[in-house]
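For reference, the structure is listed below as structure tokens.
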Amino acid sequence: MPKFTVDGRPVEAAEGRTILQALDDAGLLMNGVSVPHYCWHPKLSIDGSCRLCQVEVEGIPKLQIACNTVVREGMVVRTETERVKQAREGVMELLLVNHPLDCPICDQAGECKLQDYAFEYGAVGSRSREPRRALKKNVDLGPTIVFDQERCILCRRCVRFCDEIPGTRELAVVNRGDHSVIETFPGVPLENDYSMNVADICPVGALTTRDFRFKIRVWFLADVPGVCTGCAKGCNVHLGVANNKVYRYVPRRNDAVNDTWICDTGRMSYARVGGVGRLRQCFVRGELGVPEAVDFDQALRVAAERLARLRDAKGAGVIAGIASPHATNEDLFVLKRFLRALGTENSGMAVVRGDSDAILVEAEKAPNAAGARALGFPAATGVIDRIAGGGIDGLVVLGHDLIHEQFLGGVDALARLDTVIVLDPHASALEHVAHVAFPTRLAAEKYGTLTNAAGRVQRVEPAVEPRWDARSEGEVLFALGAALGLEGFDGRYDARDISSALASQVPAFAGCSWDEVGGGGAPLTENPA
Amino acid sequence: MLKVPYVTGYLTEHFADDEFATLEGYERKGGYRAAREAITGMSPADVIELVKTAGLQGRGGAGFSAGLKWSFMPTDTDKPKYLVCNADESEPGSFKDRILLERGAHQLLEGILIAAWATGAEKTFVYIRGEYAQPARVLQRCIDEAYAKGYLGANVMKTGFRHDVVVTRGAGAYICGEETGLLESLEGKKGQPRKKPPFPAEYGAFGMPTTVNNVETFSHVPHIVAKGADWFRGFGTEKSPGTTIFGVSGHVERPGLYELPLGTRLDEIIFEYAGGVPNGRKLKGVIPGGMSMPILPAGQIDVPMANESLRERKTMLGTGGIMVMDETTCMVRTACVITYFFRDESCGQCTQCREGTGWLNKIVNRIERGAGLPEDLEILVDIAGKMEGQTICAFADAAAWPVQGLMRHFRSDFEAHVQHKKCPFPESFEL
């Protein structure tokens, strides 16, 4: 573990790490120690071509690039000297010589490293009188990405990304010198399930996603930390929010989960928040079998009455609860307590499975199946068998994975039940058989934690507010418990309090409360998966 | 007409003899004895020590000690080791390697064999610039002859030593003469220099330990082994021993090749050997070592052609390509030509080089057109300064130095363009 100093500050490096890597490992890069860089990216191979990260290393006459200079014991690095400043100014000036400076109409403006570094490290004036390079402004690289050749600073992060992460190698630099441009090969577009990451790692506005392009100026967006709910990987994201609307997901770095990446499918799942297909109001099934819209209190009253009547008539043993792998650990913890207080042991969890890959995508297409398992919810097969066998008359079902073709394949099996109470953020065929339905909240609309496939508990917080009366599953069940007069279901519902209770009462979740896991998450103490 | 140097030395002594380019003819002149002697009678370490003692400097432009470079090759590796012969001669003003290939291919192969023995390399890739079709043909024929005779292959000269030589032809990029750009191109990739470290001796061709030497560097080696370090040091200067082949071009009576000891004075080469400037014109400036080296004005050519003396005049020996310009020459046009070349040939990886070469070229073109501004002169010097010494390879230096040299010695030409808003050299070469 060589120790070195940067501007007098002692830093410890792992063996073989370069100056930039060591600063990044220590959390100091651009966060205490400023070494601007373009081509270097923590998750890609070292390129060494942008030359912006030059620093002084004592004993070496020439400036050295921090990205490729391996730390040695006792190395003395200086990043703020006049020579370094001059070198940075030189690089910035040369990068801007041919840049179109079309910031007013550029999507990257506001989160552009060329703007930021020009502001921070560039010279004040411009000395160039020569005509700027005229290139193509709107190149179709593939279905997801649009390329502006003029803005490109040829850092080649995108090229290395395609080579090294998906391994699809669609991009290359063609031509030479100041004729160099990024290109795809004839007949082979940039098309892979990770393609949109190139827009994130592009430090300038050269690569933009067709989806987000021209939607909104980025400075109107608030970046709310959250988790992608598309699969069990739990990729960390920032939800870009404005006007109570999610405009995009961009990956949020978490080296224990997704590094700096996200798959395109997951990225595009932002559109589900506030999108079509949401369940927007409570309803109860009227006397004629027709659903009638009601307010929350009325739905709650009907649900409590039906469950109480069933319990009193046949005992709580005919009632089962279905945990949703889309709900939070807190929601499911409340469900667990609710079922126990009601007096039933019947529960299960259904999670739809799909394709997976070796990079990020997990087969389970929900963010919290592992949390459900850690809370003791077994696979739904037991409950399904009992429904088929006539042993179940009442069902409290969270989400609608249960009716997917991998499980019930429809609602027919549920039609004969005495009471079906549905808690779901989305509309589904379940409403055809539900006696009471409650619209609930998505992970982007509530406080809570989700447990990913690797058993990492990660938190979410409200990024947007539903425009209708939607409450989290936990809150609905908490109210239902109170309406039923169950023990422990009184007082005000607060997901973060529930989270603390979960962490203190369920051993697997020790140290995994909302507050404790922080922005990066924390592993379960034991992972049943 | 037979192309041989006007002045010959030990390298080019027999180049007028067509037979010398055949194995039989080469052996008749004592060829391959040095290789046999080295492989059978000397340890690899002895050979390296000999070449170090002789003080052989690389002849590809940088002038690095050949023996020292060989000593960087690891001796404790399981990986195959390679040599690369850099025959991508593309420095404007240089044409010495061509004749060493066409007329002395066996001499080169013998040098390669000795270097292979010294470094433990099992294979040599000869990377020849694509335009050198005839040299490549001659070399391949000589390689075939050497294989047939058992001088190359699995059992070199029945000693059990294995060495293969493969010829690869380039596709016309100057940057492929940079040793790591060459290695990339050799591997079938785009010719772009690699960042260092790792250096080729650690991670070279196909990831294996590799030493890259210039054609002329290898060609000196058999003579050093045959005649010894002291004999070699009998030529040239204390710090720069041996001869080299100067290629003289431009405004001289007898442009061509001259094998002369290092340290021969530049004015002597131009006026004594090459016959001076034709048409009774005066000399204006000389680029002493290929286009990437800073120019010297006529008043400063009383200098020995060796790195130690040329450095004092802020230039270098480079490849020994001497480009002579008479008084009609417009140095702004010269700058236009030079900056165009480097703009066109920059690989485009590093910011300073990719953008700087283009910017320099645009400014000097504008000055030549008569649209230059007084501040352009300072900007030229400043950009060149920001390009120098900050990039992956020395290409940006090579692009910056000539501009710095022209601004140092011929600033008045630039000022005249700016002042008169046109080129004041009507008799200069046309762009």
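Every chain is numbered from 1, with letters handed out A, B, ... down the list of sequences.
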Taking atom [atom1] as the centre, does [X] end up with more than 12 heavy-atom neighbours from other residues, nucleotides or ligands that are less than 6.0 angstrom away?
| X | atom1 | value |
| --- | --- | --- |
| Arg132(A) | CZ | yes |
| Arg169(A) | CZ | no |
| Tyr340(B) | OH | no |
| Lys137(A) | NZ | yes |

Quick check on the interface: out of [options], who has the most heavy-atom pairs with chain B under 4.5 Å?
| options | result |
| --- | --- |
| Val70(A), Leu52(A), Leu63(A), Val97(A) | Val97(A) |
| Glu89(A), Arg129(A), Gln64(A) | Arg129(A) |
| Val174(A), Ile65(A), Leu154(A) | Leu154(A) |
| Cys155(A), Ala172(A), Cys50(A) | Cys50(A) |

Out of curiosity, [X] [atom1] to [Y] [atom2], how far, rounded to the nearest 0.5 Å?
| X | Y | atom1 | atom2 | result |
| --- | --- | --- | --- | --- |
| Thr357(B) | Leu94(A) | OG1 | CG | 9.5 Å |
| Asp382(B) | Gln86(A) | CG | CD | 8.0 Å |
| Met92(A) | Thr351(B) | CE | OG1 | 9.0 Å |

Just so I understand: if I count every heavy-atom pair under 4.5 Å between each of [options] and chain A, which residue has the most?
| options | answer |
| --- | --- |
| Gly385(B), Gly348(B), Ala173(B), Gly191(B) | Gly348(B) |
| Gly356(B), Cys347(B), Pro197(B) | Cys347(B) |
| Gln390(B), Arg366(B), Glu345(B), Arg343(B) | Gln390(B) |
| Glu355(B), Gln192(B), Glu375(B) | Glu355(B) |

* To do: In sequence, state the C-alpha distance, the side-chain angles, and the governing distance for Arg127(A) and Glu378(B), and then conclude on salt bridge (Lys or Arg N to Asp or Glu O under 4.0 Å).
  => CA-CA 11 Å; Arg127(A) 298 186 296 174; Glu378(B) 267 329 297; over 6 Å; no
Heavy-atom distance under 4.5 Å to chain A: side chain of [X], backbone, both or neither?
| X | answer |
| --- | --- |
| Ile363(B) | both |
| Asn365(B) | neither |
| Lys196(B) | backbone |

Where the side chain of [X] meets the backbone of [Y], is there a donor-acceptor pair that is under 3.5 Å apart?
| X | Y | value |
| --- | --- | --- |
| Arg354(B) | Ile153(A) | yes |
| Lys362(B) | Pro131(A) | yes |
| Lys190(B) | Asn175(A) | yes |

* To do: Please state whether the side chain, the backbone, both or neither of Thr69(A) comes within less than 4.5 Å of a heavy atom of chain B.
  =>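 Neither part.
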* **Worked check of side-chain contact (heavy atoms from CB on, under 4.5 Å) between Asp344(B) and Arg176(A)** => CA-CA 7 Å; Asp344(B) 192 47; Arg176(A) 204 164 62 186; 3.9 Å; yes
* Which atom pair, heavy atoms only, marks the closest approach of Lys195(B) to Asp47(A)? ->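 Looking at all heavy atoms of both residues, the shortest contact is CD-O, 3.6 Å.
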